[in-house]
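In what follows, every heavy atom counts, from backbone to side chain, and hydrogens, waters and symmetry copies are set aside. Within every chain, numbering begins at 1; the chains are lettered A, B, ... in the order of the sequence lines, protein sequences first and strands thereafter. Small disclaimer: the values here were computed from a predicted structure and weren't measured.
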Amino acid sequence: MSQSELPKIYDPKKVEDKIYKIWEDSGFFNPDNLSDRKEKYANILPPPNANGELHIGHASGYVTMDLLGRYNRMLGKKVLLLPGKDHAGIQTQVVYEKKIKKERGISRHDLGRDKFYQEIYDFCIDRSQYMRNQEKKLGLSADWSREKFTLNPNLVNIVLETFVQMYNEVDNEGNRMAYKGKRIINWCPRCASALADVEVEHEETTSKLYWIKYGPFVLATSRPETKLGDTAVAVHPDDDRYKDMVGKKYMIPGVLGEFEVLVIADKEVDMSFGSGAIKVTPAHSFTDNEIAIRHRLPSRQIIDESGKMMANCGKYAGMSTKEAREAIVTDMQKMGLIDHIEDNYIQNLSVCERCKTPIEPIPSEQWFINVDHKNFSLKNEARKVISNEDIKIHPASFKKIMLNWIDNVHDWCISRQIWWGPRIPAWYKDGEIKVQLDSPGKDWVQEEDTFDTWFSSGQWSYTTLEYPEGKDFKDFYPSNNMIMGRDILPFWAFRMIILSLYKTKQIPFKNLYFTGLIRDEKGLKMSKSKGNGIEPLEMIEKFGTDAVRLSVLIGSSPGNDMNLGETKIESYRNFVNKLWNISRFVIAKIGANVTEEKIDEENLTSADKWIISKAKNLITEVTTNLEKYNFSLAGEKLQDFTKNDFADWYLEVAKFEDNQTEKNIILKKILEDLLKLWHPFIPFVTEEVWSNLNKEKLLLIEAWPTLESWNEISDKNHDTESHIFIKTQTIITAIRNLRAENKIEPTKKVKAIIYAETNFDELKNNEILITNLRTGISELILAKSGEKPADAIYTIVDGIEIYLISEVNKEKEQQRIQEELRNLTKYVAGLEQKLNNVEFIKKAPSQIVAQEKEKLASVKLNISEIKKHLEKLE
RNA sequence: GGGUGUAUAGCUCAGUUGGUUAGAGCAUUCGCAUGACAUGCGAGGGGUCUCUGGUUCGAGUCCAGAUACGCCCACCA
């Protein structure tokens, strides 16, 4: 193999698609084709919503999952990364409704339920195809033959069965785990659907605050139209202003005549708000409803599910709440019932997460999951597996957040009044309800509502594995790592845990890893409207997948947000190119084959011993950091070794030392190890280089490097001997530094004298390195000691004196050396203080004390030599 | 209001069970056609580790408090 075959600059575009195809064709993404392996490993990949495209946040998650998958595959496990897509109920329906409105000017009602469903289905299948290609572009080593969609019939079946099972879960008081109930729910008038708490957003808005005359009260409200549904006035129990009125009934004049309210005392009331008295509308406010339940107040619904005033609202019937508010305020003003109006009242308005329409709290018949059922308390069971770490959470700090969230969870409203999604298998006839998969017979009408999307995706961990009889379920459940963005923790992780525990009686996964969010360079959330998003495909096109992968893997820590800009991706593009060139050099140097397998230890130089020891250490560090989910740290260690140790030092050394046989063995081994260690991070470039090494197997399924694999080459421990090379490095750096500081022309060669004292014997063999590694030395005299020239640029490191014979500007040289002296003196003072402290000597570990003493002695020696040199200069 | 997190170089962040003169990348300064790479190489500059107290022989690291910023949840009629 000649070096000329490999281009100088690595071009990902020419490589990535080709490599991906080789991987796919190999079949090794499918664990069935890794039949000789025993230990199983699975990550079920979170399904993105099949209605759009992948953004950089998805990319970050997938890259992390792929990293784990590839790492474990190289550890010799039978690895399954199982991909899929989510139908994303409300979101997709909204997206598609907008689309047909825009493109065809029609609504879902024009199409009818069945046609509409079919069209969205086709739309999702189409988007899935597109997104699958994006995932492949990222290098995701997933088994596409197992890809799932939340609406695949067999998955839906399992989901429906779960619901039936929960309906049939009845405690001794007759309460079902899945039940239908009338509750105040978040109602989106535009979507005409109930929303879960998590689907509601709170926007700060400016509105009006109306101070209204209310019988004996004056009270403040932002929603005067709800006065028609009032049944009480509430005050704080400690509020002296109203003490005498509590428990009494008053007739209140209103726009539809007088009505009666009861005055009650409740701790929920904030005495400092308005006049301290509030009107209570149990049917259209969550807090009011709670107060009403506590005080057994009657409830009076006045707003219906279309957001309009109901028939019981007299002349206001049929108006929207907004229209009604204006009309009622006008009428109240006429009647003199408005005290005054505050214009700039800032309140948190609840809006629909999907369409931003203000939500109406209304009482409605909905299906719920009781999360604290007597037979099986979902929240308690979930709490248990998290607090005792059956499911380990990474980063650990998220455990607290998770537990806190579980403690505050309410019953889960799972019905949605939309068409897109699995329809709830409840059947009605003459006021009777049956819950079962198939229609009970003629004249039974199925529930119109569909399931909340999370009811499907919450079962993703086992539906994808074909629960309960599927081979995959038996082989791979529970899966190893579940990875998701920290923003969907409450939505998804909790639901998967409770549903899995209930249905399979097992945890869904052993580890739960949260990635942070990716923000733009300035730390702002990326969004389409701001146009500050980083498009993964665009970046891949520009810098290559490997660069994109590194940019999301390094410099981030679990659960913490990360700022990402194009320059970061570019810098990793540069690094990938560096690795490419390192490989080129090594391949060129070692030639096609290295026949020797075992090193003759006698022929090793100190540089060899140093790099071997570093390389071994690297394997340990990368492996332990990956095991500890410190992906970033593992990557940084690799980067540091690759660039600073291997390229900047060892490759340079290899150009000058002539123990060819040993060098070739070492270079080859380290290159191969590096490719392997890097592979989970940057699979494309590593596989491409690997293909140039005449290997039988793909790097994809190669074995992860181990210390044992080094022992076959060199089983000696070289840690202690590598310090000779470190000393050499120090000398070389010092010489380069001296040259730079004294502005010696790079082309100008100088004579150097080094007095190494006790280090002489060790350094003797490294003369060639000191002379050649960009030190610009024409002649080197290395001795134990000797005559100390005054006309030379001078420094001393670790007691080793260095003289560069060159013209010396005495004044400048004095200044430079005195500066150095000052630094050292300061350092010595600190050390002495520490060592003069009796407590330190007494209490610190002896090892630390010895270390400090050694440092002091060494620096003191340097100082005395520097002083001698200074004297000579004067 | 409840929960939770962050604060280290101009920027983005590492910093493991407390122990090197606190590190990296980007940016910046100086220099360099050098043979794998100018997507490169060599050498620098740049830090009161937010503040105040405490524990300790020793604190960027542990504890308490303060300040600032952030996120999640709940939500005010």
Side-chain angles (χ1 to χ4, degrees), chain A residues 3 6 8-10 197-198 202 209 219-223 226 234 268-270 272-274 277-281 285-288 291 347-348 350 397-398 400-401 403-405 407-409 486-487 489-490 517 521-523 543 547 554-557 559-565 567-568 570-589 624-625 628 630 632-633 636 639-640 644 647-648 651-652 655 733 736-741 743 745-747 773-775 823-824 826-827 830-831 834 837-845 847-849 851-852 855 859:
Chain A
Q3 175 198 327
L6 301 178
K8 227 164 112 165
I9 295 207
Y10 173 68
D197 290 346
V198 288
H202 302 279
L209 187 64
L219 47 80
T221 179
S222 62
R223 299 200 60 187
T226 61
E268 279 293 300
V269 179
D270 178 1
S272 63
F273 177 82
I278 63 167
K279 61 193 213 55
V280 180
T281 321
S285 155
F286 288 94
T287 353
D288 290 6
I291 292 174
Q347 66 167 2
N348 273 328
S350 302
S397 61
F398 276 57
K400 276 185 285 183
I401 302 177
L403 289 175
N404 179 259
W405 198 84
D407 290 339
N408 292 313
V409 76
R486 64 161 179 75
D487 52 329
L489 172 147
L517 304 184
E521 280 163 302
K522 292 169 196 149
F543 301 115
I554 299 185
S556 69
S557 52
N560 285 330
D561 293 357
M562 173 178 56
N563 296 5
L564 179 65
T567 51
K568 184 174 178 189
E570 188 182 0
S571 78
Y572 285 115
R573 186 271 316 259
N574 296 351
F575 178 77
V576 168
N577 190 57
K578 180 84 184 174
L579 182 62
W580 174 254
N581 274 293
I582 288 168
S583 311
R584 270 179 80 211
F585 176 78
V586 173
I587 289 170
K589 180 122 180 96
T624 42
N625 277 309
K628 281 154 63 184
N630 292 329
S632 177
L633 208 50
E636 282 171 66
Q639 214 181 335
D640 185 50
N644 299 334
D648 289 352
L651 294 191
E652 294 303 319
K655 289 175 185 171
T733 305
R736 290 170 178 171
N737 183 354
L738 282 180
R739 292 188 61 117
E741 279 194 16
K743 308 237 185 277
E745 297 281 318
T747 45
L773 295 189
R774 302 205 178 166
T775 46
N823 284 341
L824 290 177
K826 223 165 93 186
Y827 180 40
L831 283 175
K834 200 186 251 186
N837 184 339
V838 188
E839 295 293 304
F840 175 71
I841 304 289
K842 215 162 59 184
K843 292 183 181 166
Q847 192 192 346
I848 300 284
V849 177
Q851 222 174 65
E852 298 293 305
K855 273 190 255 173
V859 178

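- Remark: the separation of the C1' atoms in B/U8 and B/U48 is 12 Å, to the nearest Å.
- The A/Ile278 side chain lies nearest to B/A77 when the options are B/A77, B/U4, B/C37.
- Taking atom CG of residue A/Asn574 and atom C1' of nucleotide B/C26, one finds them 11 Å apart after rounding to whole Å.
- Looking at the side chain of A/Ala844, the nearest of the listed nucleotides B/G19, B/A14, B/U20 is B/G19.
- Each of B/U34, B/A36, B/A14 was ranked by its minimum atom distance to the side chain of A/Arg774; first place goes to B/U34.
- Checked against B/C37, B/C41, B/G19, the side chain of A/Asp648 finds its nearest nucleotide in B/C41.
- B/G65 and B/U4 have their P atoms separated by 13 Å, given to the nearest Å.
- One donor-acceptor pair, N or O on each side, does fall under 3.5 Å between the base of B/A36 and the side chain of A/Glu652.
- Nucleotides B/G2 and B/A66 have their P atoms positioned 13 Å apart, rounded to a whole Å.
- Nucleotides B/C51 and B/C32 place their P atoms 41 Å apart, quoted to the nearest Å.
- Relative to the side chain of A/Ala647, the nucleotides B/U20, B/G40, B/A36 differ in distance, and B/A36 lies closest.
- More than 12 heavy-atom neighbours from other residues, nucleotides or ligands sit within 6.0 angstrom of NZ on A/Lys655.
- Figure legend. B/A14 is base-paired to no nucleotide; pairs are counted as Watson-Crick or G-U wobble with both atom distances under 3.5 Å.
- Residue A/Asn823 is classed as having no contact, given no heavy-atom separation below 4.0 Å to the nucleic acid.
- Within the shown strands, B/A64 is the pairing partner of B/U52 under the Watson-Crick or G-U definition, both distances less than 3.5 Å.
- Separating the CZ atom of A/Phe840 from the C1' atom of B/G58 is a distance of 7 Å, rounded to the nearest angstrom.
- Figure legend. B/G47 is base-paired to no nucleotide; pairs are counted as Watson-Crick or G-U wobble with both atom distances under 3.5 Å.
- Nearest-nucleotide assignment on RNA chain B puts the 5′-proximal partner with A/Asn625, out of A/Ile848 and A/Asn625.
- The distance between atom CG of A/Leu564 and atom P of B/G25, rounded to the nearest whole Å, is 18 Å.
- Using atom P as the reference point in both B/G42 and B/G19, the two lie 30 Å apart (nearest Å).
- The partner of B/A36, taking Watson-Crick or G-U wobble pairs whose two distances both stay under 3.5 Å, does not exist in any strand shown.
- A 4.5 Å side-chain heavy-atom check between A/Leu219 and A/Ile278 finds every atom pair outside the cut-off.
- Counting heavy atoms from C-beta outward, A/Phe585 and A/Ile582 have side chains that stay 4.5 Å or more apart.
- The interatomic distance linking A/Asn577 (CG) with B/C41 (P) rounds to 10 Å, in whole Å.
- Among the heavy atoms of the strands lying under 4.0 Å from A/Lys279 are primed sugar atoms or P, OP1, OP2 only; no base atom is included.
- With B/A36, B/U4, B/G42 as the choices, the nucleotide that has an atom nearest any side-chain atom of A/Arg736 turns out to be B/G42.
- When the C1' atom is used for both B/G46 and B/U55, the distance is 33 Å, rounded to whole Å.
- With a cut-off of 3.5 Å on both Watson-Crick or G-U wobble distances, the partner of B/U21 is given as none.
- Taking atom NZ of A/Lys743 as the reference point, atom P of B/C32 lies 10 Å away to the nearest angstrom.
- Listed candidates were B/U16, B/G42, B/U39. Nearest to the side chain of A/Lys628 is B/U16.
- Considering only heavy atoms from C-beta on, A/Arg584 comes within 4.5 Å of A/Lys8 through its side chain.
- Residue side chain A/Lys842 does not reach the base of B/C57 through any donor-acceptor N/O pair under 3.5 Å, judged by distance alone.
- At the phosphate of B/G44, OP1 or OP2 sits under 4.0 Å from a side-chain N or O atom of A/Asn737.
- The shortest side-chain heavy-atom distance between A/Asn581 and A/Ile9 does not fall under the 4.5 Å cut-off.
- Computed from coordinates, the A/Ile554 CD1 to B/A14 P distance equals 13 Å when rounded to whole Å.
- Of all nucleotides listed (B/A36, B/G3, B/C73), B/C73 comes nearest to the side chain of A/Trp405.
- In this structure, NZ of A/Lys8 is placed 10 Å from P of B/U39, rounded to the nearest angstrom.
- In this structure, A/Lys855 is not positioned above the aromatic face of A/Tyr827 in the sense of NZ or CZ being under 6.0 Å from the six-membered ring centre and within 45° of the axis.
- Taking atom P in both B/G47 and B/C63, the straight-line distance is 29 Å, to the nearest Å.
- Using a cutoff of 4.0 Å between basic side-chain nitrogens and carboxylate oxygens, A/Arg774 and A/Glu652 are scored as salt-bridged.
- Side-chain proximity of A/Lys655 to B/G35, B/C37, B/U4: nearest is B/G35.
- Across the protein-nucleic acid pair, A/Asn581 atom CG and B/A38 atom P stand 7 Å apart, rounded to whole Å.
- Using Watson-Crick or G-U wobble geometry with both donor-acceptor distances under 3.5 Å, B/C41 finds its partner in B/G31.
- Within the 4.0 angstrom heavy-atom criterion, only backbone atoms of the sugar-phosphate kind lie near A/Thr733; the bases stay farther away.
- Looking at which nucleotide of RNA chain B each of A/Lys843 and A/Leu831 is closest to, the 5′-most match is held by A/Leu831.
- A close approach under 4.0 Å does occur between a side-chain nitrogen or oxygen of A/Lys400 and OP1 or OP2 of B/G5.
- Pair assignment for B/U4 gives B/G70, based on Watson-Crick or G-U wobble hydrogen-bonding distances that are each under 3.5 Å.
- Nucleotides B/G15 and B/G5 are separated by 16 Å at their P atoms, to the nearest Å.
- At a threshold of 4.5 Å between non-hydrogen side-chain atoms, the residues A/Trp405 and A/Lys400 do not count as touching.
- With distances taken from any side-chain atom of A/Glu839 to the nucleotides B/A77, B/C57, B/A14, the minimum falls on B/C57.
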